[in-house]
Amino acid sequence: PLYTSIEEYEKVQSDIHSIARHKLTVQRLLGKGAFGEVYYGLLADVAHSEVPTPVAVKTLPTLCSDQTKLDFFMEAVMLSKLKHPNIVKFIGISIEGSSILLVTELMDGGDLRSYLRCLRTKLNDIATKELILLCIDVATGCQYLEEHGCIHRDLATRNCLLSEKGSRTIVKVGDFGMSRLTGRTNYYRKKGTALVPVKWMSPEAFIDGVFTSKTDVWSYGVLLWEVFSLGHVPYPGKSNEEVMQFVKHGGRLPKPEICTEKIYQLMTNCWADDSRLRPNFTTIKEKLTSIEQCDNNSTSNPYLSVPC
Ligand SMILES: CN1CCN(c2ccc(C(=O)Nc3n[nH]c4c3C=[N+](C(=O)[C@H](O)c3ccccc3)C4)cc2)CC1
C-alpha cells in the first residue's frame with residue numbers, strides 16, 4: 001500500500017505550503033475525525049494581516065502506523081490541489097519533529113450530519129428549500145471533483161462541513177481521507193479490504209472494488225437520503241453484509257417521510273444498477289435547482305417561470 005500512495009503522490013506533484021510552527025496557536029478541541037483530532041487554532045500573519053486568522057488544525061496521533069501517516073499526507077496533497085468554494089480550503093501543513101499538523105479553513109458549523117440531527121429538534125416544519133440548498137452546495141463541490149478526476153470514495157453527511165457565515169449556511173465537502181485521483185484511468189481499484197463505508201457504496205464498488213465518479217454519484221444519492229431523513233443511518237437495523245445482499249438483489253432505501261416524489265426520483269436515479277444510467281453531478285445540480293425554484297414558484301408565484 002505504501003507503493004500505491006507514493007504512485008498516487010507522483011500523479012499529484014504539488015508544492016505544499018508549509019507553516020512555521022511558531023505562527024500557529026492550537027487552542028480548543030473541535031471534534032474527533034476518522035483519525036486524529038481537529039482543533040480550533042489561530043494562524044498569525046496570513047496575508048500580512050495584524051489579526052491572526054482562525055483555522056482548523058487536524059492532528060495525527062503521535063503513535064500511528066506509517067500507512068496512516070502517508071494517508072494523512074496524501075489527504076494534504078489532494079486537498080492542496082483542490083480549490084473551490086464548496087471544498088474545504090487547505091491552508092498548509094506544519095511539520096515539527098514527528099508531529100504533522102494539517103491546517104484548513106475553519107468551518108464553524110461542524111459536520112452536516114450533526115447539524116441535521118439538531119434540525120429535528122429545532123423546527124417541526126423543516127423548510128425543504130433549505131435542505132435542497134444544502135444538497136446543491138454538496139453537488140456543486142462534487143461537480144468540481146468530477147471535472148478534476150478526483151474520486152472522493154467516502155461522500156456522506158458526516159464528511160461535509162458547514163460554515164454559518166452571516167445568514168447563509170454554506171456546505172463544503174470535507175474529509176478527503178479516502179479520496180484518490182484517477183489520472184490516466186478514470187477509475188480507482190481498491191486494494192485489500194480497508195474499512196469501507198458499505199452503506200454508501202454502489203454494487204460495483206463493494207463487489208469489484210471499482211470506483212468511478214459514478215460510484216460517488218451513488219454515495220451522493222445516499223447523502224440525499226440522509227439529508228431528507230435528517231441524519232438517520234441508512235438501512236436502519238441492517239448489517240453491512242445484509243445491506244450488500246439487499247442492494248445486490250435490487251433493494252433500495254425507502255422514500256424519507258419529508259421527501260417529495262421528485263427528490264426521491266432523483267435519489268433512485270443515483271442508485272441505478274448500471275452506473276452509466278446514473279446522472280452526473282451537473283445533471284444532479286440542474287435537477288435540484290429546478291426543483292428548488294419550482295417549489296419557490298408554486299408557493300409564491302402562480303405563473304411558473306420554471307416548467308415543473
Ligand atoms: C454545536 N457545535 C457547533 C460547532 N461544532 C463544531 C464541530 C466541529 C468543527 C470542525 O471540525 N470544523 C472544521 N473546520 N475545518 C475542518 C474541520 C474539520 N476538518 C476535518 O478535516 C475533519 O476531518 C472533518 C471533515 C469533515 C467532517 C467532519 C470532520 C477540517 C467545527 C465546529 C461543534 C458543535
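Both backbone and side-chain heavy atoms feed into the values below; hydrogens, waters and symmetry mates do not. For clarity, every value in this text was computed on a predicted model and none was experimentally measured. Every number for a ligand or one of its atoms is a count from 1 in the order of the listing.
The aromatic rings of F176 and H152 sit perpendicular to each other, their planes meeting at more than 60°, with 30° as the lower class boundary. Using a 30° and 60° split on the angle between ring planes, Y144 and H84 fall in the tilted class, from 30° to 60°.
Of the candidates A156, A56, C160, G110, it is G110 that places a heavy atom closest to atom 9 (C) of ligand 1. Considering only non-hydrogen atoms, atom 16 (C) of ligand 1 lies nearest to T104 out of I91, T157, T104.
Contact check on R278 versus E204 returns a salt bridge, with a Lys/Arg side-chain nitrogen under 4.0 Å from an Asp/Glu carboxylate oxygen.
In this structure, the side chain of D216 engages the main chain of R153 through a donor-acceptor pair within 3.5 Å.
In this structure, G31 falls outside the shell of residues with a heavy atom less than 4.0 angstrom from ligand 1.
Contacts between K58 and ligand 1, counted as non-hydrogen atom pairs separated by less than 4.0 Å, involve the side chain only. Here D108 has backbone heavy atoms under 4.0 Å from ligand 1, and that is the only part of it that gets that close.
Looking at G174 next to ligand 1, no N or O pair under 3.5 Å apart turns up. For the pair E105 and ligand 1, the shortest N or O to N or O distance falls below 3.5 Å. Where the criterion is an N or O separation shorter than 3.5 Å, residue side chain and backbone included, R158 fails it with respect to ligand 1.
Close approach of ligand 1 to N159 is summarised as follows: ligand atoms under 4.0 Å from at least one heavy atom of the residue are 26 (C), 27 (C). Within the listing of ligand 1, atoms 22 (C), 23 (O), 24 (C), 25 (C), 26 (C) sit less than 4.0 angstrom from a heavy atom of D175.
In this structure, the salt bridge (charged side-chain N to carboxylate O under 4.0 Å, His left out) partners of K172, at least two apart in sequence or on a different chain, are E105.
Listed by first and then second residue, the side-chain hydrogen bond (donor to acceptor under 3.5 Å, both in side chains) pairs involving residues 40-57 are K23-D45 (not counting sequence neighbours).
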